[in-house]
Student: 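What follows is a single structure, and I will ask about it in a moment.
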Amino acid sequence: MKGQPVINTADLMPLAARIPRVSVKLNGKDRLGALKVRFGIGRDNYAVTPGLYKVGNPDSRSEVLVSANYKLSFDMLRKNLESLDVWILVIDTNGVNVWCAAGKGNFGTDNVVKSIRNASLEHIVSHRSILLPQLSASGIAAHKVKEQTGFRPLFGPVQAKDIKAFIGAGHKATPEMRKVSFPMKERAKLVPVDFMYQKYNLLIILASVFILSGLDRTGFLFSKMWGTSLFPILNILSAYIAGIVLAPVFLPFIPFRMFALKGAFGDYWLPFS
Amino acid sequence: MKTMQYLKNVVTLKLNADLCTGCGMCVLVCPHAVFGIANGKARILDIDDCMECGACSNNCRTGAIYVKAGVGCAAGIINGILNGTEPSCDCTKGNKSNCC
């Protein structure tokens, strides 16, 4: 077989047929993965391979939705696409979500242009528009993407749950779909990851307090450790919990506008009240 | 969007009405509904609603909008203070540890 070119049979299929299809249903593994990243486990490496994906049976007239390659973002998008036939173009944002990546320019004009070219999007769809999440607008200049690729970016709603309504209304978002909100339920979701963020520092401090409590003028007394360290340990723990759980969840209800005063009130008064 | 206001009179957002063509892109991309259109020109409804994300100026074809946008990340601002640099959360591949 020397000198014979090796042909991968997959290369003979039409371009669109080679694109992987993803489900709109999240399975147990997706949900476990989401739970783990919410607790900060493997959060820095929860990424999707960038590129084009199918949802349902899209054809050359189907919509193209652009997403970040953070798996939590990707899952949030696809679970809201039930009964739709669309393409998802995942761009490489280093596994960072849409809003954060846009702020740094990573979910940005150049990256979208590159992804459109890499995916040969002009051969996949006959129309020339792509749907972008609204919160990518701080990184993406729509007119520049149009100039460089011929594809016209349309900014969709802020939240993936409104995409169906947006497409159904002929690419029209209501004013409510265009606004960000940060209600208590969403703020509470951030508690576990913040709690885990400084866990080692917390443990080191608590352990040091515990050990130092054994010190006595006569030497080191093991019997003294519990009695002396109990109150300081409880105190540090409650301050940690106040800062990470109570402050974000009850932020609008904590008095004072200045952040420093809010923090002082939240962290020092709430644990004792 | 009054609920999203924090400090008064600190926003760097500026709109040059002479350059504005009234295309409405700023109205569309702003997540805090800062802009409206009146008489064929964009108008700032309440400047204190602005959080300086930069979406409007980034998508203004004629350069009629200026805003000093940051990275939009509290961890980035703290990093900036600690390192004496511009705010950066450094969410790049080689440096995941500093990411917000």
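Below, chain A is the first sequence line, B the second, and so on; all start at residue 1. Worth saying up front: this structure is predicted, and the values here are computed from it rather than measured.
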Student: Shortest non-hydrogen contact from B:Ile65 to B:Cys26?
Tutor: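 Minimum heavy-atom separation between B:Ile65 and B:Cys26: CD1-CB, 3.7 Å.
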
Student: Please state whether the side chain, the backbone, both or neither of A:Leu135 comes within less than 4.5 Å of a heavy atom of chain B.
Tutor: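 Contact with chain B is through the side chain of A:Leu135 alone.
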
Student: Which pair of heavy atoms, one from B:Asp18 and one from B:Lys41, lies closest together, and at what distance?
Tutor: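 Closest heavy-atom pair between B:Asp18 and B:Lys41: O-NZ, 4.1 Å.
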
Student: Please table the atom pairs, donor to acceptor, closer than 3.5 Å between any side-chain atom in residues 71-78 of chain A and protein atoms at least two apart or in another chain.
Tutor:
residue : atom : partner : partner atom : Å
A:Lys71 : NZ   : A:Asp30 : OD1          : 2.8
A:Lys71 : NZ   : A:Asp75 : OD2          : 2.8
A:Asp75 : OD1  : A:Arg78 : NE           : 3.0
A:Asp75 : OD1  : A:Arg78 : NH2          : 3.0
A:Arg78 : NH1  : A:Ser23 : O            : 2.9
A:Arg78 : NH2  : A:Asp30 : OD1          : 3.4
A:Arg78 : NH2  : A:Asp30 : OD2          : 2.9

Student: For the residue pair A:Val180 and B:Met51, what are the closest heavy atoms and their distance?
Tutor: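 Nearest pair, atom of A:Val180 first, then B:Met51: CG2-CE, 4.4 Å.
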
Student: Between chain B and each of A:Gly105, A:Ser138, A:Ala101, count heavy-atom pairs under 4.5 Å; write down the option with the most.
Tutor: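 Most pairs with chain B among the choices: A:Ser138.
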
Student: Under a 4.5 Å heavy-atom cut-off, does chain A meet the side chain of B:Cys60, its backbone, both or neither?
Tutor: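 The backbone, not the side chain.
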
